[in-house]
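Just below is one structure, and these are the notes that go with it.
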Amino acid sequence: MSNAKKGPFLLTNTLTRRKEEFVPLRPPHVGLYVCGPTVYSDVHLGNVRSFLTFDVLFRWLTFLGYKVRYVRNITDVGHLTGDVDEGEDKIAKRARLEQLEPMEIVQKYTNGFHDVMRLFNILPPSIEPTATGHLIEQIAMVERILAAGHAYVVNGSVYFDVPGYAARHAYGELSGRRTDELLANTRDTEGMGEKRSPLDFALWKKAEPSHLMKWPSPWGDGFPGWHLECSAMSTKYLGTTFDIHGGGMDLKFPHHECEIAQSVAADGVPPVRYWMHGNMLTVNGRKMAKSEGNGFTPQELLTGDHKLLDKGYSAMTVRFFMLQCHYAGTLDFSNAALQAGEKGLERLEKAMALLPKLKPGDTDEADIDALEQRCHAAMNDDLNTPVLIAELFEAVRIINSVNDGRLRLTAAALDRLRGLMHAMVRQVLGLREETTVTAGGDGALDALVQEFIRLRAEAKARKDFATGDAIRDRLAAIGIVLKDTKEGTTWERA
RNA sequence: GGUCACGUGGCCGAGUGGCUAGGCAGAGGUCUGCAAAACCUCGUACAGCGGUUCGACUCCGCUCGUGACCUCCA
């Protein structure tokens, strides 16, 4: 394996609550499944953080040389609001509210989701399956669970028998729950409806004749339960047992617990070897969620048009801001933190821009190999992006020092440094260069500013600093900042 | 109530049983006609109370505080 030199990759397995060395089942292949969005509304920034976490995982595994099959689903049916028995399908509800066909809702918000992923430079998965595209697989899985005696049919619906399953298998292992405690804490003992136990969950739900989203099944017309699709599709594309399953912390229970139960019941083996859970984005200490009303969309973020935002922030600023925190911890949103991130990213990008211009020296006064090893070590330690970024700022110092002629690096070392920075910043962290409007961005504007720069240079040449400073100050007042460097004067927008 | 996290300097956020995280902001300096940028230097922080230890911010216990999950949620 090509990562032999890069050291073992440790990641926190939330099933064992330990940091473990990642060893794939069938190297060099890695099977990765991540719970995707339910496409019934716009994604907000909290959702983005989760997909970003697994984007970095995908990128790092790829960097290590693995051939990753990354499956991230689109939930387009079966996700109910509220209680499993009383709730309405989220997509059907939205379709009713917007007076659209359910599949129009699905298409609309799937498109929106993809736009957001592109905006934040989150790579597309290898396979993006939809629940409605895998009805046959889901029905087959329900039949296997029924055959194993872990489910029962009531009036056209099929429910998973949790107490029965728990008697023979470990249920609650992932989330640290026990069925007796769950039962004791069940809030609503009424409304159980057809279920034998409040812990049971729907595998297949009977649909009323008026229901738009329904399909034929051995139990009559209906639709699949929410937890089922992930099990059916991960099994289809990654096998009955695969390497890594990821999702947000809030999916741990019941969603992922139910996935494990379904797979064990249907196929007899635990589905996942490493479970990974990303933590939440909070606002003033509270989870960003639609129900809290504290979420905002990427569009609002870019324009700054939201009461929580002092100003707009670029997508890469937000990406950088999020990567400065470890994925397993909560990250609190604040304007001050975002602005700090904006400045930091600017410093990093300035150094990146200097990289091609650096001139080689005759000796090496910085150890690029050691720096590279520390970068790899940071990522191998449970995707520690904040530590990687700290190392990258060490590189920034080196780059600036070489540029200033304070530090020397040979041509070979410079090549290593360029390769390292490109790999870490662009490939691994996925920080895309954002086009800033500077010289060249707008021909007419640039020509105009160049004319002022020339006037100012003439003033300076005859020691008329008052005029020179006036030109600079007045341009600054309209947002054009001039900077004198050894190579002449450059300008950029404030 | 149950389960599980977390509490780090002005802010955001890593980490470790004894050795500078990093970014932003701030102070001083170098450079520059002056700025800006860059570089150098600086703050000696780890909720509280006990315990283990030669030594704890790091391990254990308790207290206080915050949050997540237990119902849809990335």
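Scope of the values below: all heavy atoms of this structure, side chains included, with no hydrogens, waters or symmetry mates. A note on names: the letters A, B, ... follow the listed sequences, proteins ahead of strands, and every chain is numbered from 1.
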Ring center gap for H211(A) and F223(A) short of 6.0 angstrom: yes
Quick check on the 6.0 Å ring-centre criterion: do F201(A) and Y159(A) meet it? no
Tell me what [X] touches on the nucleic acid: a base, only sugar-phosphate, or nothing, going by heavy atoms under 4.0 Å.
X       : result
L331(A) : sugar-phosphate
F393(A) : sugar-phosphate
H255(A) : nothing
R94(A)  : nothing
A337(A) : sugar-phosphate
G46(A)  : base
M280(A) : base

Dot-bracket for RNA chain B, please. Rules: Watson-Crick or G-U, both distances under 3.5 Å, ( ) within the strand, [ ] when a pair crosses earlier ones, | for another strand, . otherwise. (((((((..(((.....[...))).(((((.......)))))....(((((..]....))))))))))))....
Salt bridge check, [Y] against [X]: does any charged N sit closer than 4.0 Å to a carboxylate O?
X       : Y       : value
R178(A) : E181(A) : yes
K108(A) : E98(A)  : yes
K93(A)  : D89(A)  : no
R456(A) : D484(A) : yes
R319(A) : E342(A) : no
D469(A) : R474(A) : no

Identify which nucleotide among [options] has an atom closest to any side-chain atom of [X], counting heavy atoms from C-beta outward.
X       : options                : result
R286(A) : A68(B), A74(B), A21(B) : A68(B)
F465(A) : C39(B), G33(B), A14(B) : G33(B)
H44(A)  : A37(B), G23(B), A74(B) : A74(B)
W226(A) : A74(B), G2(B), C73(B)  : C73(B)
M288(A) : A74(B), A36(B), G13(B) : A74(B)
Q324(A) : C69(B), A36(B), G22(B) : G22(B)
V387(A) : A14(B), C70(B), A74(B) : A14(B)

Check the distance between [N]'s [atom2] and [X]'s [atom1] and give it to me in whole angstrom.
X       : N      : atom1 : atom2 : value
H326(A) : G7(B)  : NE2   : P     : 13 Å
H277(A) : C6(B)  : NE2   : C1'   : 18 Å
Q339(A) : G10(B) : CD    : P     : 20 Å
M249(A) : C69(B) : CE    : P     : 9 Å
F253(A) : C69(B) : CZ    : P     : 13 Å
Y327(A) : A68(B) : OH    : P     : 21 Å
E342(A) : A25(B) : CD    : P     : 11 Å
L281(A) : A5(B)  : CG    : P     : 22 Å

Sticking with atom [atom1], work out how far [N] lies from [M], rounded to a whole angstrom.
N      : M      : atom1 : answer
A37(B) : C49(B) : C1'   : 49 Å
A74(B) : G15(B) : C1'   : 27 Å
C64(B) : G48(B) : P     : 16 Å
C57(B) : U41(B) : C1'   : 26 Å
A45(B) : C39(B) : P     : 27 Å
G9(B)  : U20(B) : C1'   : 14 Å
U16(B) : G50(B) : P     : 27 Å
C31(B) : C19(B) : C1'   : 33 Å

Report yes if at least one side-chain N or O of [X] is closer than 4.0 Å to OP1 or OP2 of [N]; otherwise report no.
X       : N      : result
R397(A) : G23(B) : yes
N400(A) : A38(B) : no
R347(A) : G23(B) : yes
K343(A) : A25(B) : yes
K460(A) : C34(B) : no
N384(A) : G15(B) : yes
R178(A) : C70(B) : no

By nearest-nucleotide position on RNA chain B, the 5'-leaning member of R456(A) and F333(A) is F333(A)
Taking for each residue the nucleotide of RNA chain B bearing the nearest heavy atom, is the 5' side occupied by K287(A) or by F54(A)?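 Mapping each residue to its closest nucleotide by heavy atoms, the 5'-most match is K287(A).
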Confirm from the modelled atom types if [X] and [N] form a donor-acceptor pair under 3.5 Å, side chain to base only.
X       : N      : value
R17(A)  : C4(B)  : no
K252(A) : C4(B)  : no
D469(A) : G33(B) : yes
R472(A) : A35(B) : yes
D484(A) : C34(B) : yes

Looking at F54(A), does the NZ or CZ of R72(A) lie under 6.0 angstrom from its six-membered ring centre and within 45 degrees of the ring axis?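 No, R72(A) does not lie over the aromatic ring of F54(A).
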For the pair H256(A) and H245(A), name the ring-plane relationship: parallel under 30°, tilted 30 to 60°, perpendicular over 60°. perpendicular
Aromatic rings F333(A) and F296(A): how do their planes relate, parallel, tilted or perpendicular, breaks at 30° and 60°?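 Geometry flag for F296(A) against F333(A): perpendicular rings.
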For the residue pair L11(A) and D382(A), what are the closest heavy atoms and their distance? CA-OD1, 3.2 Å
